[in-house]
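These notes are about the structure you will find just below.
Below, each value reflects all heavy atoms present in this structure, side chains not excepted, and no hydrogens, waters or symmetry copies.
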Amino acid sequence: MLVDSITDYAIFLLDSGGHVVTWNPGAQQIKQYQPEEIIGKHFSTFYTSEAKASGYPAMELREAQRLGKFEDEGWRVRKDGSVFWANVIITPIYDEQKTLTGYSKITRNLSERKKAEDDLFKAYSELKESEERFRLLIEGVTDYAIFMLDPAGNVATWNEGARRMKGYEAAEIIGKFFSKFYSQEAVQQGYPEYELSRAKAEGRFEDEGWRYRKDGSAFWANTILTAIYNSRQELIGFSKITRDLTEKKKLEQQLFRMNEELKESEEKSRLLINSVKDYAILMLNPEGIIISWNAGAERLKGYKAQEVIGRHFSIFYPQELIKAGFPKFELNKALEHGHFEDEGWRIRKDGTAFWANVLVTPIYNATNRLLGFAKITRDLTERRRNEDLMQKNKELARINNDLDNFVYTASHDLKAPISNLEGLLDALIEDLGPQKDNHQAILTLIQGAITTLRNIIADLAEITNLQQEKGPPESVNLVELVDEIKESLRELINTHKAEIKIEALAFENLRYSRKNLRSILYNLVSNAIKYAHPERAPEVIINTYFSNAGDYVLSVADNGLGISETQRDKIFAIYKRAHTHVEGSGLGLYLVKKILDNSDDRIVVESEVNKGSQFQVFFKQELSDG
C-alpha cells in the first residue's frame, strides 16, 4: 500500500535476470507502461539504443551485486519514445541462504533539474562569448576588487585588484560563497543573502561596512552589487565592485581631532555637537576657560550656555580636587600624552554629584599652535551604581555562604555535646535510683529541652544539606510514594482519623530527586493533617495535571483551617506558622520552598479560612527522546 501510494517515484522489482516483476503507479506515470504491458519484459526496455548496444543495463546489475547498490543518472526512454533524465538506484535482494533473488529499482524523473542545469550552462556559455573583451580591462584594475558571483552568490571570477585587496588567489576563492568576506555576526544575521535580495529587487545595492581579508584583518569597504540578466531577463549572476576606504574611515573616526577642518566648518560642527544629548561636549581655551557649550552639557550639568561660557571648567569639580590642582593636572596630562581620560565625581549646578567619564584632547592648528582643548563628559552614574550593587551582592553572597558554613559546622559540632548531655542525664537518673521520682518533673523538663535542642540542630542540618545535597533525578512513581508517606504518617493519620485520597492523575511518574520529592509531599500531607479543622476529620486530596505552560503540577488539597490572606506570603519563611496553636517547628514549608527554588520550580497556595487550602507544585520536566 505504501509503494502503491507513491506516484513521484517508479518503484519496482526485477528478477535475477533483470525482468520486471512488479510495477507501481509511479512507474506507470513516469514510464507510461501499464503493468500488463511491462511485467515479464527485460528492464533494458527503458534504455536508449546506445546504452543497450554498450551493454550498460547488464553492467548496472553487475555493479549492484559487486557494490551492494548502484546509483546513476542518465537518459531513459518512455513507452512513447520520449526521453527523460533519470536518477536510478538498483539494489540486489538476497534470500536467507544469501542467494540472489532479484533487484529493487527506484527511478526518479529529474528532467526539470537537468533542464535548469542545461539552461544555466547555456547562460554561462553566452557570457563566455563576451568574457575576453572585459577580462583584460578588469584584470588591469588593481585598486578595485571586481568579480562576478553566480546567481547563488558563489564567486565566479576574480581580478588582480580582488587578489591584492582580499588576499585570496583565484583558485582559493572561485566557487566559494562570497560571505567569506563578512564578519561572523553578519553571516549569522544573513546579511550577504540580504544584499543579494536587495540587488535582485532594485537592480543594484550599495553599502559600506567592515569586510575581512584572508589573513583575518578587517578593512572598511564600499561595495556595489549589481544584478546581471541575459537577453531573456534571466538572472545569470551579480557583478561586485569593492573599494578599500579604510583610510577614509580612520579619518572620519578622528573627525573631532581634525581641528582645522572643524574651524573651517564651525557652523556644521556646532550643529553636530549641539544635537548630541547624551554627552557634554565643550571647548576650552588653552587656560581652561569654557568657550563652547552643547545641549548635552546643559542637560548633564544643569548650566545654560550664558551661565558657564567664560568661566573656568574647574567649577564642575569637588572642592578637594580643586584644592589638589586636579583640573590643571588633567590639562597637563592631555598635552603630555595627546589626550587624558579619567573617571570620577563631578558636580552639577544644583550641587548634586554624578560619576563621570571625561576625555580631554588638545586641539592644534596647522602650525602646531595650541588652540585649546576638547572635553567630552559622559554620565556613568548608573553604571557606577550597578557596579556598587554587584559588589554588595558579591559581599552578601559571601556572607550568606559564611553563614551557611557556620550553621552547617555548628549543627555538626553540637551533636557531640547533645549526646554527652543525654548520657549524663541517663547516668544521673541511674545514680538517683529510687529518688528519681522526687525529681521527675525536673528530669522531664531537662529531657524535653535536650530533645528540642536536638530537633533544632537536625532542622539546621537539613537546611544546610539542601544547599549541598542534590539527589540525582529519577523517575518516581507518585502512587507508590504516597503509599510510603501514608505508612510513615500512620500514627498521625490514625490519631486524627484522616483520609488521604488520590483522585485524577494526569501523570503518575515524575522525574525528580526522590529524596527531595518525598520531603515535599511528606511536608504538604503532614501539614494538611496537623492543621485540620476541629469540627471535621481531615481529608487530603492529591491529584496531578498539566498547566497551560506545559508544567507538571502536583496538587495537595485539604479541608482544614485554611490560611488568611495576610499570612499566605509568610508561610514559606523559616520558623513561620499560620496557626501557632498547632505543634510544629515552622520549618516544613520553608524546606519545601527551598527545595523548589534550588531546582527552579515553584509552589503556589490557594486558601479560604475555615474551608481549607490547596498547594500546587509546578515542576519543569524535560521530555525524553522516546
The test is salt bridge (charged side-chain N to carboxylate O under 4.0 Å, His left out); show your working for R211 and E195 and say whether it passes.
CA-CA 14 Å; R211 300 295 183 268; E195 286 190 339; 3.2 Å; yes
Can you check side chain to side chain contact (heavy atoms under 4.5 Å, CB included) on L517 and I595, steps first, answer last?
CA-CA 9 Å; L517 185 57; I595 289 171; over 6 Å; no
Atom CG of L445: over 12 foreign heavy atoms under 6.0 Å
yes
Where the side chain of H533 meets the backbone of E535, is there a donor-acceptor pair that is under 3.5 Å apart?
yes
In short, W210 meets A218 closest at the heavy-atom pair CE3-CB, 3.9 Å
Can you give me the closest heavy-atom contact between G560 and R536, atom names plus distance?
O-NH2, 3.5 Å
Taking D379 first and then R383, would you say they form a salt bridge - that is, a charged N and a carboxylate O separated by under 4.0 Å?
no
Just by modelled atom types, is the S547 backbone N or O under 3.5 Å from a matching donor or acceptor in the D551 side chain?
no
So, for P92 and G68, which heavy atoms are closest and what is the spacing to 0.1 Å?
CD-O, 3.2 Å
T495 versus I529: any side-chain heavy-atom pair under 4.5 Å?
no
Say you draw a straight line from CD1 of I89 to CZ of R108; how long is it, rounded to the nearest 0.5 Å?
7.5 Å
Donor-acceptor contact present, side-chain S217 to main-chain R213, <3.5 Å:
no
What orientation do W355 and W345 show, parallel under 30°, tilted 30 to 60°, or perpendicular over 60°?
perpendicular
Pair R113 + E73, salt bridge at N-O below 4.0 Å:
yes
Do other residues, nucleotides or ligands put more than 12 heavy atoms under 6.0 Å from the CD atom of Q435?
no
Ignoring hydrogens and geometry beyond distance, is a side-chain donor-acceptor pair present between E185 and Y191 at under 3.5 Å?
no
Check whether any side-chain heavy atom of Q616 sits under 4.5 Å from a side-chain heavy atom of V556, and report yes or no.
no
Can I106 and I90 be said to form a side chain to side chain contact (heavy atoms under 4.5 Å, CB included), step by step?
CA-CA 7 Å; I106 302 173; I90 300 176; over 6 Å; no
Criterion side chain to side chain contact (heavy atoms under 4.5 Å, CB included) on Y522 and L489, from CA distance to verdict:
CA-CA 9 Å; Y522 181 93; L489 294 172; 3.4 Å; yes
Would you call the rings of Y182 and F178 parallel, tilted or perpendicular, where under 30° means parallel and over 60° means perpendicular?
perpendicular
Just wondering, do D558 and E539 contact through their side chains at under 4.5 Å, heavy atoms?
no
Does E96 have more than 12 heavy atoms from other residues, nucleotides or ligands lying within 6.0 Å of its CD?
no
Does T22 use its side chain to pair, donor to acceptor, with the backbone of F12 at less than 3.5 Å?
no
To the nearest 0.5 Å, what is the distance between OG (S519) and NZ (K594)?
13.0 Å
Can you find a pair of side-chain heavy atoms, one from V482 and one from L521, that are under 4.5 Å apart?
yes
The test is side chain to side chain contact (heavy atoms under 4.5 Å, CB included); show your working for S607 and Q614 and say whether it passes.
CA-CA 6 Å; S607 187; Q614 181 185 17; over 6 Å; no
Flag, side chain of Q621 to backbone of R511, donor-acceptor distance under 3.5 Å
yes
Can you tell me if T444 uses its side chain to pair, donor with acceptor, with the backbone of Q440 under 3.5 Å?
yes
K69 atom NZ, over 12 foreign heavy atoms within 6.0 Å:
no
For residues S488 and E484, is any side-chain donor paired with an opposing acceptor at under 3.5 Å?
no
In this structure, CG of N357 is separated from OG1 of T381 (nearest 0.5 Å) by 11.5 Å
Can you find a pair of side-chain heavy atoms, one from L196 and one from L225, that are under 4.5 Å apart?
yes
Rounded at 0.5 Å granularity, tell me how far CD1 in I11 sits from CG in N24.
5.5 Å
Would you please say whether a donor-acceptor pair under 3.5 Å links the side chains of S613 and E606?
no
Holding to ring pair (Phe, Tyr, Trp, His ring centres under 6.0 Å), I want the full list of residues that pass it with Y212, two or more places apart in sequence or in another chain.
none
Quick check for you: to the nearest 0.5 Å, what is the distance between N559 atom CG and N610 atom CG?
11.5 Å
Qualifying residue, where the test is side chain to side chain contact (heavy atoms under 4.5 Å, CB included) with F615 and the options are V605, V525, I520, N523:
V605
Sidechain N-carboxylate O distance under 4.0 Å for K593, D601:
no
Check whether any side-chain heavy atom of I485 sits under 4.5 Å from a side-chain heavy atom of R518, and report yes or no.
yes
Between I347 and A353, the two heavy atoms sitting closest are CD1-CB, 4.0 Å
Between I542, L505, I603, L510, which is the residue that forms a side chain to side chain contact (heavy atoms under 4.5 Å, CB included) with L554?
I542
Would you say Y94 and T99 are linked by a side-chain donor-acceptor pair, where the criterion is simply a distance under 3.5 Å?
no
Regarding R346 and the six-membered ring of F316, is the cationic atom NZ or CZ under 6.0 Å from the ring centre and inside 45° of its axis?
no
Here the pair of heavy atoms bringing P192 nearest to A186 is CD-O, 3.7 Å
Residue pair L359 / E341, side-chain heavy-atom distance below 4.5 Å
yes
Any L300 side-chain heavy atom under 4.5 Å of T377 side chain:
yes
Given Y552, which partner from the list Y512, F619, F507, Y545 fulfils the ring-ring contact (aromatic ring centres under 6.0 Å, His included) test?
F507
Nearest-0.5 Å distance that lies between atom CG in D207 and atom OG1 in T223
5.0 Å
Minimal non-hydrogen separation, A504 against N543, with atom names:
O-CB, 2.9 Å
